[in-house]
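Worksheet for the structure shown next.
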Amino acid sequence: MHATRMPSSRPPSWTSRFFTSGPVTCIEDLRVLAERRVPRMFYDYADSGSYSEGTYRANEDDFAQIKLRQRVAVDMTNRTLASTMVGLPVSMPVALAPTGLTGMQHADGEILAARAAAKAGVPFTLSTMSICSIEDVAENTDAPFWFQLYVMRDRDFIDRLIDRAKAAQCSALVLTLDLQILGQRHKDVKNGLSTPPRMTIPNIINLATKPRWCLNMLRTQRRTFRNIVGHAQGVGDLRSLSSWTAEQFDPRLNWDDVKRIRDRWGGKLILKGILDPEDAELAAQSGAEALIVSNHGGRQLDGAISSIAALPSIVETVGDRIEVLMDGGIRSGQDVIKALALGAHGVFIGRAFLYGLGAGGEAGVTQCLDIIRKELDVTMAMCGLRDVRQVDERILAGKPALANRPF
């Protein structure tokens, strides 16, 4: 399963040369580079929310309301960020989130991101709506990865996806619960999002300004939804994400389906998309190992609370019975430690690693993880701790004043 290899990407020492705007010091620098290098429709797909994008903005903004306690004259030597996520060892409590169309941010993007994650000692999660298939990633990487499942109307297709993930030796299944219907993302509609991109005049003009992206895409055969094309009955080609989702995402998804999927999978199960304590209670009763506090990156219910605002009440409700993880708005190592302080056992990053991927492929994802690791380590030390597993609310300067925090 892991025999075939693609040519290696440029070595990490090249990272200082592929950045053209001076030293990269933070995730925002990677975002700026990605915006320059990725075609508009695919950059906008990653960097947008639904409707007014209020929840998308709140995911980031609410982290700024959380203040930290600085401690001094404490021993800061021999620090460690090592932890676990769903019982699996990680070098820091950070995983790469499942993101659709990752392989359109950079050619073979899922493979490159999985390799960078494996080198960094953190989990990579492959989306159902990926460009590279489960088999593509398994055949071109060495470390086990996680697989994220969307529930479609075609349950035979879903069962085969689960079986394919088992055959690829995926070490956890992430079941997304908050995409039964699709929230409208205005930028995708205006851009006419499709994969491969339609050759309209605006798209041709935009692609002409992205020669590096185009050249890399010409070198790969992976340009469509390879988990679906050739696997779903009657689907031989996929031109549009929106048409597929409109037809196939199943609004009937319920907790009985969760049990059926859990039984067929038989391994570690993570439930993604929990934002309310009542749903967290049901998740804890489902037999899953973990849940992810998530509003889908602000891409579904606009006007929902931010993930970080929802986290404390969910931890209080079920944190002693199920592992609580979170995603949404993580753009720095400081965001990671704030989430841990509010009770998360670990976090997922989505847009942050996509910025790195769009900016520089595998080396860019490595740069992203290095930035977050260093920020997390330094912040933890300045808060007076040496072991990330000791992080809790004691490092916070009072109760965070999150405006949309639930009662």
Side-chain angles (χ1 to χ4, degrees), residues 2 9 12 15 26-27 30 79-99 102 105-106 109-127 130 132 137-138 140-148 165 168-174 267-268 270 272 289-290 292-294 297 307 323-340 344-357 359-380 387-389 391:
H2 299 281
S9 62
T15 57
C26 59
I27 300 302
L30 293 174
R79 297 187 303 276
T80 178
L81 301 180
S83 186
T84 62
M85 295 178 72
V86 292
L88 302 172
V90 293
S91 69
M92 61 177 170
V94 174
L96 269 57
T99 55
T102 302
Q105 302 298 317
H106 189 287
E110 291 89 358
I111 293 171
L112 301 182
R115 288 180 176 176
K119 287 189 301 182
V122 300
F124 168 78
T125 315
L126 182 70
S127 170
S130 59
C132 300
V137 176
N140 290 285
T141 58
D142 295 320
F145 57 96
W146 297 352
F147 180 68
Q148 174 267 336
Q169 301 178 13
C170 294
S171 50
L173 184 72
V174 178
K268 294 181 181 295
I270 305 169
K272 182 176 183 289
E289 278 72 23
I292 305 175
V293 178
S294 172
S307 295
E323 186 170 308
V324 178
L325 309 168
M326 71 83 64
D327 81 355
I330 302 286
R331 301 292 186 271
S332 68
Q334 288 206 334
D335 292 340
V336 174
I337 203 168
K338 290 174 181 179
L340 298 178
H345 190 81
V347 305
F348 286 72
I349 58 170
R351 290 184 176 96
F353 95 80
L354 290 180
Y355 298 150
L357 183 67
E362 182 179 342
V365 180
T366 296
Q367 183 95 3
C368 163
L369 291 168
D370 287 346
I371 289 169
I372 287 177
R373 185 187 305 278
K374 182 176 181 180
E375 291 174 345
L376 174 57
D377 178 59
V378 170
T379 302
M380 182 179 71
D387 189 330
V388 77
R389 293 167 295 184
V391 173

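Computed over heavy atoms, backbone and side chain alike; hydrogens, waters and symmetry mates excluded.
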Minimal non-hydrogen separation, S307 against G328, with atom names
OG-CA, 4.2 Å
For V388 and S83, work out which heavy atoms get closest and say how close.
CG1-CB, 4.2 Å
Nearest-0.5 Å distance, CE of residue M92 to CG of residue D377:
10.5 Å
For I337 and E375, what are the C-alpha separation, side-chain angles and deciding distance, and is it a side chain to side chain contact (heavy atoms under 4.5 Å, CB included)?
CA-CA 9 Å; I337 203 168; E375 291 174 345; over 6 Å; no
Return the CG to OG1 distance between L112 and T366, rounded to the nearest 0.5 Å.
9.5 Å
Which atom pair, heavy atoms only, marks the closest approach of Q148 to P98?
CB-CB, 3.4 Å
Rounded to the nearest 0.5 Å, what's the gap from CZ on F353 to CG on L96? Could you check?
4.5 Å
Please name the pair of heavy atoms, one in F147 and one in C170, separated by the smallest distance, quoted to 0.1 Å.
CB-SG, 3.9 Å
Measure the spacing between CG of L369 and OG of S91 and express it to the nearest 0.5 Å.
8.0 Å
Main chain of N140, side chain of R115: is a donor-acceptor contact present, judged purely on distance under 3.5 Å?
yes
Walk me through it: do V324 and H345 pass the test side chain to side chain contact (heavy atoms under 4.5 Å, CB included)?
CA-CA 6 Å; V324 178; H345 190 81; 5.9 Å; no
How many angstroms lie between atom CD of E362 and atom CD1 of I111, to the nearest 0.5 angstrom?
10.5 Å
Atom pair CE/CD of M85 and E289 - distance to nearest 0.5 Å:
13.5 Å
Are side-chain heavy atoms of P123 and F145 found at a separation under 4.5 Å?
no
Heavy-atom side-chain contact between I371 and L30 under 4.5 Å
yes
For V86 and A290, the nearest pair of non-hydrogen atoms, with its separation, is CG1-CB, 3.5 Å
Work out which heavy atom in M326 is nearest to a heavy atom in A344; give both atom names and the distance.
CG-CB, 4.0 Å
Answer yes or no: is there a donor N or O on one side and an acceptor on the other, between the side chain of R351 and the main chain of G297, under 3.5 Å?
yes
Member of T99, T141, T102, T125 meeting the side chain to side chain contact (heavy atoms under 4.5 Å, CB included) criterion with E110
T102
Summary of salt bridge (Lys or Arg N to Asp or Glu O under 4.0 Å) pairs that have at least one residue in residues 327-339, sequence neighbours excluded:
E60-R331, K272-D327
Applying side chain to side chain contact (heavy atoms under 4.5 Å, CB included) to I349 and I27, what does each step give before you reach the verdict?
CA-CA 11 Å; I349 58 170; I27 300 302; over 6 Å; no
For side chain to side chain contact (heavy atoms under 4.5 Å, CB included), just list the numbers for W146 and L88, CA-CA rounded to whole Å, side-chain angles, deciding distance to a tenth of an Å, and then say yes or no.
CA-CA 11 Å; W146 297 352; L88 302 172; 3.6 Å; yes
Using side-chain heavy atoms (C-beta onward) and a distance below 4.5 Å, is Q169 in contact with P144?
no
